[in-house]
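Numbering starts at 1 and runs along the sequence shown. This is a predicted model, so every value here is computed, not measured.
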Amino acid sequence: MATWKNKKLTGIVLPLGALYTKENPVIGEFPDLVQLGKFCKEAGFEIIQLLPVNDTGTQSSPYSGLSAFALHPIYIRIKDIPEFSEVYKSDEIFARAYDTFVSKNAYKLRYDYDDILEAKINILKQLYFKTQLGQSGKLSEEMTKWIKANPWAKTYAVYKNLKRNYMQASWKSWHQNDQKKSPEEIESLWKTKAFQKEHYFYIWCQVIANQQFEEAVKKVKEMGLLIKGDMPILMNEDSCDAWAYPNFFNQDLRAGSPADGDNPNGQNWGFPTYNWKALKADNYSWWKNRLKVAAKYYDAYRLDHILGFFRIWAIPSADCNALNGHTEPYASFKREDLYELGFDDDRIRWLSQPHIPTNIVEDITWNHEVSHQILELLCQQIGNEELWLFNKNLKGSQEIWDCDFKNLCNQDAAHRIKEKLVEYWSNRTLIEISKNKFIPLWTYGKSTSWASLNEAEKSKLEELFSQLNKKNEKLWKKQADEIFTAITEGLKMIPCGEDLGVSIDCVPQTMLEHKILGLRVVRWCRKWSQEGQPYLPFEDYTPLSITTTSVHDSSTIRQWFDEEIKNRKLEKNQTEKEEKCNVGDLIDLEENQEFSPEIAESILKECGKSASLWYINPLQDYLYMNKKYWLESAQEERINVPGTVNKFNWTYRLPVSLEELLDDKDLINKIQNICNGRS
């Protein structure tokens with residue numbers, strides 16, 4: 001740990017559930033890390049990075065946390081629980097249930113998250129109620145000490161039990177009395193005798209999970225390996241933390257990202273944003289405790305979406321897309337500033353409120369009277385003009401989708417009209433963010449009102465927007481400095497940040513000042529503004545960073561090669577240096593060459609020559625150096641496909657057991673050469 005800045009390190013990243021051992025074929029579990037550590041040590045790796053292992057409840061995505069503190073019980077190895085052996089031998093029903101669970105979930109390339117979780121929880125409950133704790137309903141001295149050292153656990157247990165009683169429904173749909181609970185009320189529920197056995201069950205699971213995880217990471221660290229964790233920045237709105245600490249979250253805002261080329265409507269991730277003012281007032285205790293818990297296991301940690309600590313893209317919860325979002329925090333300008341630029345109240349209204357012409361509806365209904373009746377449901381007419389303004393009490397575009405047109409038109413016409421009206425909801429230059437305070441819409445350049453301005457007016461507004469951006473940069477840096485100083489102080493863990501897609505000037509310098517390693521995904525490290533968009537030379541990578549060939553949301557190097565590198569077309573006028581920066585040229589490809597173990601090895605070797613201190617790749621990318629580990633389709637080897645919701649995502653498993661990998665001396669030698677080539 002003390003010398004990590006003085007040596008280039010190499011490692012792997014994978015979800016814990018992906019691990020496959022002959023002893024444990026169902027799903028990767030905490031104790032499997034030891035076998036993984038043996039392979040990594042033999043291959044010359046120095047870092048094991050895990051995707052998040054916190055409890056996510058019914059969600060398979062590790063980035064949809066049900067708790068910021070609790071470990072996921074799905075990763076508990078049941079047969080390693082001390083009481084298991086005796087109960088298994090003496091209780092035929094329990095033994096049959098366990099054997100059925102194992103046989104039903106024999107090794108598959110994708111595990112069934114829902115089935116495994118449900119079965120495991122049932123077996124854990126059977127085992128728990130056959131233990132002294134489950135039968136007596138009284139906490140042992142060990143458990144009492146553990147709860148005292150982990151005060152979050154009581155709140156978690158109460159929440160889990162309530163969620164069980166409500167059939168796993170979101171806490172927002174619970175009875176009103178249960179939706180909001182003060183700390184005192186949560187403590188009272190914890191002490192309620194009728195619920196104690198259930199509460200203690202959830203604590204028991206956490207104690208076991210913690211013991212198994214701590215024991216595994218201890219053995220891995222004794223091998224000389226670092227363990228790196230993953231800290232999702234956001235919490236699911238249906239999480240224990242959002243329920244128990246509502247003042248730390250903005251429930252009326254959702255986090256996401258603004259419109260870009262791939263996402264013309266932006267992205268709404270569905271997670272509430274943080275109330276950083278409330279967190280600051282509490283001395284960031286929630287974040288500090290979160291990192292303190294993580295420090296029990298990890299030597300380093302990845303801060304997911306680090307841009308969100310500077311500013312988050314906040315979307316009104318009443319909107320159905322991200323277009324009317326804004327940054328939090330934000331700087332704004334006043335109505336008086338617009339007066340000074342020559343805009344009166346009518347012009348300001350024109351810029352800040354969508355003006356809907358009757359004909360956008362009439363072109364669909366072909367009926368003037370019906371068009372007026374439809375518009376009157378959501379809008380007010382401007383005098384006798386065929387122009388309308390949305391009603392002042394309309395909170396967001398979701399209300400447009402939810403509006404009942406009262407059989408004024410058929411279903412297809414209604415859908416098309418709603419699409420048009422939702423489009424107009426974001427047809428504005430300015431957002432009145434609060435009374436008489438304004439910010440520009442992210443896509444203001446596409447609005448009708450912007451197009452109506454003359455060049456002089458556009459120039460004045462763009463200068464005003466430019467001044468606003470400078471103020472925002474200062475606000476964002478100030479917030480990030482305060483947060484990083486507060487939450488990383490005194491931590492031995494090495495901070496890393498996922499800074500992909502960042503275009504804010506203050507981010508790289510701020511990360512450098514706080515000694516936070518950035519992330520460099522080779523395929524995206526390019527000079528995007530230059531002709532041909534050449535790759536950034538490996539020697540130009542920032543040393544305080546981590547280079548990687550792929551991430552959990554991207555394709556693997558095999559799919560990257562097949563879909564991008566193989567069919568590249570270089571611009572004729574590229575310089576020799578720029579050509580060399582193209583990964584395809586670095587490995588001296590012939591035209592129409594197919595992906596092969598040799599090409600995989602070349603890519604891994606070349607990318608490992610970057611100036612980054614750390615080089616961490618998905619284990620899948622290393623497995624490509626032996627063709628027998630390839631699946632039929634590269635798509636099947638992905639961990640996640642963003643924008644899709646299915647049983648495929650987040651359920652990847654290694655195509656080979658760790659025992660077999662340890663015996664693959666050829667693959668191990670190839671990996672050793674890559675690791676040794678970095679020093």
Side-chain angles (χ1 to χ4, degrees), residues 252-254 256 258-259 264-266 268 313-326 330 332-333 335 338 341 343-365 368 370-405 408-409 413-454 457-458 461-462 464-465:
D252 57 343
L253 294 172
R254 294 291 175 271
N265 288 323
N268 186 332
W313 187 251
I315 306 154
S317 58
D319 274 351
C320 60
N321 60 43
L323 290 174
N324 283 48
H326 61 276
Y330 61 84
S332 62
F333 49 84
R335 185 175 289 267
L338 293 169
L341 297 181
F343 297 97
D344 61 18
D345 285 334
D346 284 341
R347 300 291 304 287
I348 293 171
R349 188 189 71 181
W350 170 247
L351 291 169
S352 61
Q353 295 187 45
H355 287 56
I356 305 106
T358 305
N359 64 10
I360 71 152
V361 176
E362 196 168 337
D363 287 347
I364 297 172
T365 64
H368 184 75
V370 168
S371 298
H372 270 243
Q373 289 175 322
I374 289 172
L375 285 164
E376 285 169 358
L377 295 171
L378 294 161
C379 309
Q380 290 182 332
Q381 191 172 7
I382 303 174
N384 293 320
E385 296 182 71
E386 293 299 335
L387 274 179
W388 305 71
L389 298 175
F390 284 113
N391 290 333
K392 290 184 178 179
N393 62 355
L394 189 65
K395 295 178 181 178
S397 55
Q398 188 59 50
E399 290 186 28
I400 299 172
W401 278 117
D402 296 340
C403 184
D404 180 4
F405 283 177
L408 291 169
C409 57
H415 184 83
R416 288 160 59 201
I417 291 167
K418 289 178 181 181
E419 277 187 328
K420 278 305 234 181
L421 291 175
V422 167
E423 185 182 318
Y424 262 85
W425 180 255
S426 301
N427 190 341
R428 58 181 97 196
T429 298
L430 306 176
I431 298 175
E432 189 169 5
I433 197 74
S434 61
K435 188 172 177 59
N436 292 323
K437 291 185 178 180
F438 301 85
I439 61 172
L441 188 81
W442 184 268
T443 54
Y444 69 84
K446 297 179 180 180
S447 69
T448 301
S449 54
W450 179 261
S452 72
L453 302 177
N454 61 43
E457 290 171 327
K458 288 180 180 179
L461 284 175
E462 283 176 335
L464 183 63
F465 299 165

Participant: Would you please classify the geometry between the Phe438 ring and the Phe333 ring as parallel, tilted or perpendicular, with 30° and 60° separating the classes?
Facilitator: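 Parallel, since the angle between the ring planes stays under 30°.
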Participant: Using a distance-only test with no angle check, is there a side-chain donor-acceptor pair under 3.5 angstrom linking Trp350 and Ser452?
Facilitator: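 Result is yes, a qualifying pair exists.
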Participant: Any side-chain donor paired with an acceptor under 3.5 Å for Ser317 and Asp252?
Facilitator: no
Participant: Taking Cys320's backbone N and O only, do any of them form a donor-acceptor pair with Ser397's side chain (distance below 3.5 Å, no angle check)?
Facilitator: yes
Participant: Just so I know, are the side chains of Ile400 and Phe390 near enough to count as touching, which here means a heavy-atom distance under 4.5 Å?
Facilitator: yes
Participant: Phe405 versus Lys418: any side-chain heavy-atom pair under 4.5 Å?
Facilitator: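 Yes, at least one pair of side-chain atoms sits under 4.5 Å.
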Participant: Any ion pair linking Asp345 and Arg335 (charged N to carboxylate O, less than 4.0 Å)?
Facilitator: yes
Participant: Look at the aromatic rings of Tyr330 and His326 and report parallel, tilted or perpendicular, splitting at 30° and 60°.
Facilitator: perpendicular
Participant: Do Asn324 and Ser426 have a side chain donor and acceptor closer than 3.5 Å?
Facilitator: yes
Participant: Just to verify, what does Asn268 make a side-chain hydrogen bond (donor to acceptor under 3.5 Å, both in side chains) with, not counting sequence neighbours?
Facilitator: none
Participant: Can you see whether Glu423 engages Asn427 through a side-chain donor-acceptor pair at a distance of less than 3.5 angstrom?
Facilitator: no
Participant: Could you tell me whether the side chain of Asp319 and the main chain of Asn321 form a donor-acceptor pair under 3.5 Å?
Facilitator: no
Participant: When the side chains of residues 373-385 are checked against the rest of the protein, which donor-acceptor pairs come out under 3.5 Å, sequence neighbours left out?
Facilitator:
residue	atom	partner	partner atom	Å
Gln381	NE2	Glu385	O	2.6

Participant: So do Arg349 and Glu432 actually touch side chain to side chain, heavy atoms under 4.5 Å?
Facilitator: no
Participant: Between Ser371 and Glu362, do the side chains contain a donor N or O and an acceptor N or O under 3.5 Å apart?
Facilitator: no
